[in-house]
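Written below as structure tokens is the structure these notes are about.
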Amino acid sequence: MGKLKGFIEFERTEEGLVPVKKRVKNYNEFTLKPSDKKLKEQSGRCMDCGVPFCHSGCPLGNLIPDFNDAVYNNEWEKALYILHSTNNFPEFTGRLCPAPCEAACVLGIINPPVSIEMIEKYIVERGFEEGWIKANPPLNRTGKKVAVVGSGPAGLAAAQQLNKAGHSVDVYERDSKIGGLLRYGIPDFKMEKNIIDRRLSILEEEGINFFTNKEVGKNYSVNNLKKYDSIVLCGGATIKRNLPIKGSDLKGVKQAMDFLKLQNEVVDGLNKTTEPLNAKDKNVIVIGGGDTGSDCIGTSNRQEAKSVTNFEIMSKPNENRTDENPWPYWPFKLKTTSSHEEGIHREWSILTKEFIGDENGKVKSLKTVEVEWIKKEGERPQLKEISGSEKLWPCDLALLALGFTGHEPDLIDKLNLETNISNQIVTNNYQTSVSNIFSAGDMRRGQSLIVWAISEGREAAYQVDKYLMGHSELETKEKGDLPTV
Ligand SMILES: Cc1cc2nc3c(=O)[nH]c(=O)nc-3n(C[C@H](O)[C@H](O)[C@H](O)COP(=O)(O)OP(=O)(O)OC[C@H]3O[C@@H](n4cnc5c(N)ncnc54)[C@H](O)[C@@H]3O)c2cc1C
Ligand code: SF4
């Protein structure tokens, strides 16, 4: 434990933010690094709990009190070693994770929790600055070949672990650049893409081969995968949920991911203009209140939309935890992201009934109705429309941020894999119904989080290694491995 009574002496601190007016002028990240003194104090708030609930909150099982202690004692390289022992890419989670560890932090019972995610980010950033993060290729190769399909966080984590075990790893990606939703979904203002490139060059140096513009099952036949001893499918959950109501085929009713991808490509220089799908001077309505919706709000404000409104069908959450949702469970409370702070009108308990178009077939307004959720003991809440609450909203661009419903069936069918009713690949310890094919990330568990994708990629790699070699030395939550520090 870094500092006895540190949790009494110091308060929670967070990263500073560039003021809204300035940051919406560009797509850069806008967080400000706290001083080393502040980071030390923050890590000194950790109580090194006998039962560190932060561990169980984290899908990776990050060794949080251990790295907090190292930071407090100015042992940053040791902190980095501890962090990397459970997390291949702390620079992604340190920026993008909703931090279930903080929601589970014991300090959170009486005080704001330790700023674990911020500490994680600055440990890994320090590692890059100091040159401590270097390629670490395996000393020996096993002669086994593995193909990883999909290069999001699940595919990248699986690839790095399998390469570390000495297998030769080829990653196939249908997009023109590596990274999955990290590159094409998440806007640069949340994570600049040089953060992915910096890590990729290390993975390449370690010996992993990346093949882009190769869509397995389409322009790259599944027969080509026969040369591999094992295959790990990490293709994500890519089918976008639709809103099948009147007018949904009008011009100006678009999928959020199409909007975000185009802007990300323009920032990356892969595309010249967002012109076909731009929010400038438009009344934008974002339908759906999750991460994707929030990213559309931040992007619309940067594109200088005339107005930005967000519809959420669920009722407005409480500002704080309720008695039915106690610590250490994930708090279902009102979330206000930095994108919300940049300007948004939010509506809850609202259902879109119809998109109304003009004479050119372009959306001009949305018809909505207010709803209430009727709860009955032992039953799922029922949606009830409130009569007389119909309203028209002017709208030039409607963005559907309604989530994803699994992976396209094509590849899964060609490989003859069993799926469940939620369109997820059925696995047993990440192994599919075909013995040498494994799966991880959103493609297996359904749309989720980066931290889960990394965790699943690591665990799937462990299972593949065991399948190929009969045993595995890779770290895994299954064995409850802890690194030696
Ligand atoms: C807009 C948006 C914002 C988000 N923000 C956050 C956030 O802030 N924090 C967070 O934790 N999570 C966030 N998420 C969720 C997170 O991005 C995903 O859970 C995570 O990326 C899933 O990782 P994955 O590797 O399983 O899949 P993906 O990242 O989806 O990667 C799958 C890859 O497989 C490729 N692929 C698919 N089929 C084939 C094929 N046949 N051949 C070759 N390649 C193929 C795809 O092109 C893609 O690159 C967000 C999601 C979205 C959409
Ligand atoms: S639960 Fe919070 S205070 Fe306890 S060990 Fe984890 S980070 Fe430290």
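Counting convention: from 1, in listed order, for ligands and their atoms alike.
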Check: Just distances here: any N/O of Glu173 and N/O of ligand 1 closer than 3.5 Å?
Finding: yes
Next item on the list: Check ligand 2 against Ile64 and write out every atom of the ligand that is under 4.0 Å from a heavy-atom position of the residue.
Entry: 7 (S)
Check: Which of the atoms in ligand 1, numbered in the order shown and given with their element, are less than 4.0 Å from a heavy-atom of Gly180?
Finding: 29 (O), 31 (O), 48 (C), 49 (O)
Next item on the list: Before giving the answer on salt bridge (Lys or Arg N to Asp or Glu O under 4.0 Å), spell out for Glu312 and Arg346 the whole-Å C-alpha distance, their side-chain angles and the decisive distance to 0.1 Å.
Entry: CA-CA 8 Å; Glu312 170 57 57; Arg346 296 170 89 178; over 6 Å; no
Checklist line | N or O pair under 3.5 Å between Ala154 and ligand 1 | finding: yes
Check: Which of the numbered atoms in ligand 1 are below 4.0 angstrom from a heavy atom of Asp175?
Finding: 47 (O)
Notebook entry, point to check: Strictly under 4.0 Å, does any heavy atom of Tyr184 approach an atom of ligand 1?
Noted result: no
Notebook entry, point to check: Among the heavy atoms of Leu411, does any lie under 4.0 Å from an atom of ligand 1?
Noted result: yes
Next item on the list: Taking both backbone and side-chain atoms into account, decide whether Cys54 has an N/O/S atom under 2.8 Å from atom 6 (Fe) of ligand 2.
Entry: yes
Item checked: For atom 3 (S) of ligand 2, the protein heavy atom that lies nearest, with its residue and separation -> Met47 N, 3.3 Å
Margin query: Geometry only, no angles: is Pro98 polar-contacting ligand 1 at N/O separations under 3.5 Å?
Written below: no
Check: Can Arg444 be said to touch ligand 1, with heavy atoms closer than 4.0 Å?
Finding: no
Margin query: For Gln447, which part has a heavy atom under 4.0 Å from ligand 1: side chain, backbone, both, or neither?
Written below: neither
Item checked: Contact check, side chains of Leu397 and Asn278, non-hydrogen atoms, under 4.5 Å -> no
Checklist line | ligand 1 to Val216 polar contact by distance, N or O atoms, under 3.5 Å | finding: yes
Notebook entry, point to check: Can you check whether Glu215 has an N/O within less than 3.5 Å of an N/O in ligand 1?
Noted result: no
Notebook entry, point to check: Which atoms from ligand 1 have a heavy atom of His407 less than 4.0 Å away?
Noted result: 37 (C), 38 (N)
Check: Can you find a side-chain donor-acceptor pair between Glu173 and Ser151 that sits under 3.5 Å?
Finding: yes
Item checked: ligand 2 atoms in contact with Pro65 (distance to a heavy atom under 4.0 Å) -> 5 (S)
Checklist line | Phe438-Tyr430 aromatic ring centre distance below 6.0 Å | finding: no
Check: Would you say Leu260 contacts ligand 1, with heavy atoms under 4.0 Å as the rule?
Finding: yes
Note to self: With a 4.0 Å cut-off on N to O distance, would you call Asp48 and Lys3 a salt bridge?
What the structure shows: no
Checklist line | Under-4.0 Å salt bridge between Glu265 and Lys177 | finding: no
Item checked: Metal proximity, Cys49 vs atom 2 (Fe) of ligand 2, N/O/S cut-off 2.8 Å -> no
Note to self: If you measure every N or O of Val149 against every N or O of ligand 1, does any of those distances drop under 3.5 Å?
What the structure shows: no
Checklist line | Approximate separation, where rounding is to 0.5 Å, of Tyr27 OH and Gln263 CD | finding: 3.5 Å
Checklist line | Selection from Cys234, Gly155, Gly150, Gly403 by shortest heavy-atom distance to atom 32 (C) of ligand 1 | finding: Cys234
Check: Hey, looking at atom 23 (O) of ligand 1, which of Pro153, Gly441, Ala401, Gly293 has the closest heavy atom?
Finding: Pro153
Checklist line | Within-4.5 Å side-chain heavy-atom neighbours: Met118 and Lys121 | finding: no
Margin query: Ring centroids only, cut at 6.0 angstrom: are Trp327 and Phe53 within range, meaning strictly under it?
Written below: yes
Note to self: Please list, in number order, the atoms of ligand 2 under 4.0 Å from a heavy atom of Val106.
What the structure shows: 1 (S), 2 (Fe)
Notebook entry, point to check: Quick one: which of Leu96, Ile195, Ile196 gives a side chain to side chain contact (heavy atoms under 4.5 Å, CB included) with Glu91?
Noted result: Ile195
Notebook entry, point to check: To which of Leu181, Val148, Asn213 does the heavy atom nearest atom 51 (C) of ligand 1 belong?
Noted result: Leu181
Note to self: If I apply the N/O under 3.5 Å rule, does Thr292 come out as touching ligand 1?
What the structure shows: no
Checklist line | Any Arg183 side-chain heavy atom under 4.5 Å of Asp197 side chain | finding: yes
Check: In the protein, which heavy atom is nearest to atom 8 (Fe) of ligand 2, and how far is it?
Finding: Cys46 SG, 2.4 Å
Notebook entry, point to check: Can you find an N/O atom of Ile450 closer than 3.5 Å to an N/O atom of ligand 1?
Noted result: yes
